[in-house]
Amino acid sequence: AKLQHLTESVKVFRLTKDILLGERLSRDSLKEVLQPINKTLMAQRFPERLLERGIAAKDLSKGQILQKRDIKERHLALIAQITLTRGQKLSADNARVENYFGHLPSDAIISDSSIGQLEVTRTIQAGSVLRMSDVKEADLIKRDDIVTLTVGRGALVITVSMKAVQNGKLGQQIQLLNPESGEVVTAEVSGPRSAVAL
C-alpha cells in the first residue's frame, strides 16, 4: 500500500433505530462508524459530548448518519414561567433556571443570582429564554414606599420606618423622610424597601 492509496478516517454516528422529535439521543440508539474523511460532511463531524446533552431536533430514521443540525443541545438558562409584562419584576415564582434545548442567544441569562433586582422591558411569553436585552435593573424602592431604615453598627442597631422621597436601585443613595419629625436623611438602598443610614 502506498501513501496515496490511504485516506484519513473520521468517526461518525449512525442511528440503530428511529428517533422521534424531542427524544433523547441515547448510546444504545447509535453506533460509531469510521468513514473516509472525503466521504463525510463537515456537519457529520462533531464532538461526542454533544450527544450526551442533546435531543432530536426532528424525526430521525434508522440507518442515517447524524448531523449537527439533527441535535438540539441542552443548556441551562433563565426561563419565563408565565407571560411577563413590561415593568414586571423577576422573582423565583415567574422565572427559573431550567434545561433549554436549541440555540442559546449569546446574551441569555444563565443564573438566577440577581433575579430579584431585575425587571422586564417588554412583554415576554411563557417558556421564553430571558436575555440581558429583555431586562433592566429594577427600582427596589419607589417614591412614597415605606422603607425600613437600618441605623447603627456592631451590637447597637435600630430600625426605623421612613418614607421614600425618590426611587432607588440597589446601592444608590436616596433621600428618606421621617413622617413624624419631617427630617430628611440620605441612605443607601440595600434591598427591596430597605436601606442603611450613611
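Small disclaimer: the values here were computed from a predicted structure and weren't measured.
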Discussion item. Please check if the number of heavy atoms outside Ile110 that lie under 6.0 Å from its CD1 is greater than 12.
Written reply: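 Counting other residues, nucleotides and ligands, CD1 of Ile110 stays at 12 neighbours or fewer.
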Worksheet item: Any chance NZ of Lys142 has more than 12 other-residue heavy atoms, nucleotides or ligands included, within less than 6.0 Å?
Response: yes
Answer whether the closest heavy-atom distance between the side chains of [X] and [Y] falls below 4.5 Å.
X	Y	answer
Met162	Glu183	no
Lys68	Leu50	yes
Val185	Asn178	no
Leu34	Lys11	yes
Lys89	Leu140	yes
Leu25	Asp70	no
Leu51	Ile71	yes
Leu84	Leu130	yes

Please report the closest heavy-atom contact between [X] and [Y], naming both atoms and the distance.
X	Y	result
His103	Pro105	O-CD, 3.7 Å
Ser91	Asn94	N-OD1, 2.8 Å
Glu137	Lys169	O-CE, 3.2 Å
Leu15	Ser61	CD1-O, 3.5 Å
Ala92	Ile115	N-CD1, 4.2 Å
Leu78	Ser111	CD2-O, 4.3 Å

Which value, rounded to the nearest 0.5 Å, describes the distance between [X] atom [atom1] and [Y] atom [atom2]?
X	Y	atom1	atom2	value
Gln166	Leu176	CD	CG	8.0 Å
Leu30	Ile65	CG	CD1	10.0 Å
Leu170	Gln172	CG	CD	9.0 Å
Ser128	Ile79	OG	CD1	8.0 Å
Ile55	Ile19	CD1	CD1	11.5 Å
Ile109	Leu90	CD1	CG	7.0 Å

[X] side chain to [Y] backbone, donor-acceptor under 3.5 Å:
X	Y	result
Arg45	Thr40	yes
Thr16	Ser29	yes
Thr121	Asp134	yes

Practice prompt. Begin from the C-alpha positions of Leu76 and Asn99 and carry the test side-chain contact (heavy atoms from CB on, under 4.5 Å) through to its verdict.
Written response: CA-CA 5 Å; Leu76 287 176; Asn99 285 334; 3.4 Å; yes
If you look only at distance, which donor and acceptor atoms sit under 3.5 Å apart when one is on a side chain in residues 186-193 and the other is two or more places apart or in another chain?
from   : atom 1 : to     : atom 2 : distance (Å)
Ser190 : OG     : Ser194 : O      : 3.4
Ser190 : OG     : Ser194 : OG     : 3.3
Ser190 : OG     : Ala195 : N      : 3.4

Practice prompt. Go through the steps to decide whether Glu32 and Arg27 satisfy the test salt bridge (Lys or Arg N to Asp or Glu O under 4.0 Å), and finish with yes or no.
Written response: CA-CA 10 Å; Glu32 293 180 13; Arg27 292 296 298 160; 2.9 Å; yes
Hey, quick one: are [X] and [Y] part of the same hydrophobic cluster, counting side-chain heavy atoms closer than 4.5 Å, chains of contacts allowed?
X	Y	answer
Val97	Val135	yes
Ile37	Leu66	no
Ile158	Val147	yes

Discussion item. Show, in sequence, the C-alpha distance, side-chain angles and deciding distance for Gln44 and Gln67, and conclude whether the side-chain contact (heavy atoms from CB on, under 4.5 Å) test is met.
Written reply: CA-CA 4 Å; Gln44 294 172 334; Gln67 296 188 37; 3.7 Å; yes
Fill in: side-chain contact (heavy atoms from CB on, under 4.5 Å) assessment of Asp144 paired with Lys163
CA-CA 6 Å; Asp144 294 331; Lys163 185 177 181 180; 3.3 Å; yes
Discussion item. Going by ring pair (Phe, Tyr, Trp, His ring centres under 6.0 Å), name the residues that satisfy it together with Phe46, two or more places apart in sequence or in a different chain.
Written reply: Phe13
Item to complete: Run the numbers on Val165 and Ile174 for side-chain contact (heavy atoms from CB on, under 4.5 Å), then give the verdict.
Response: CA-CA 8 Å; Val165 177; Ile174 62 167; over 6 Å; no
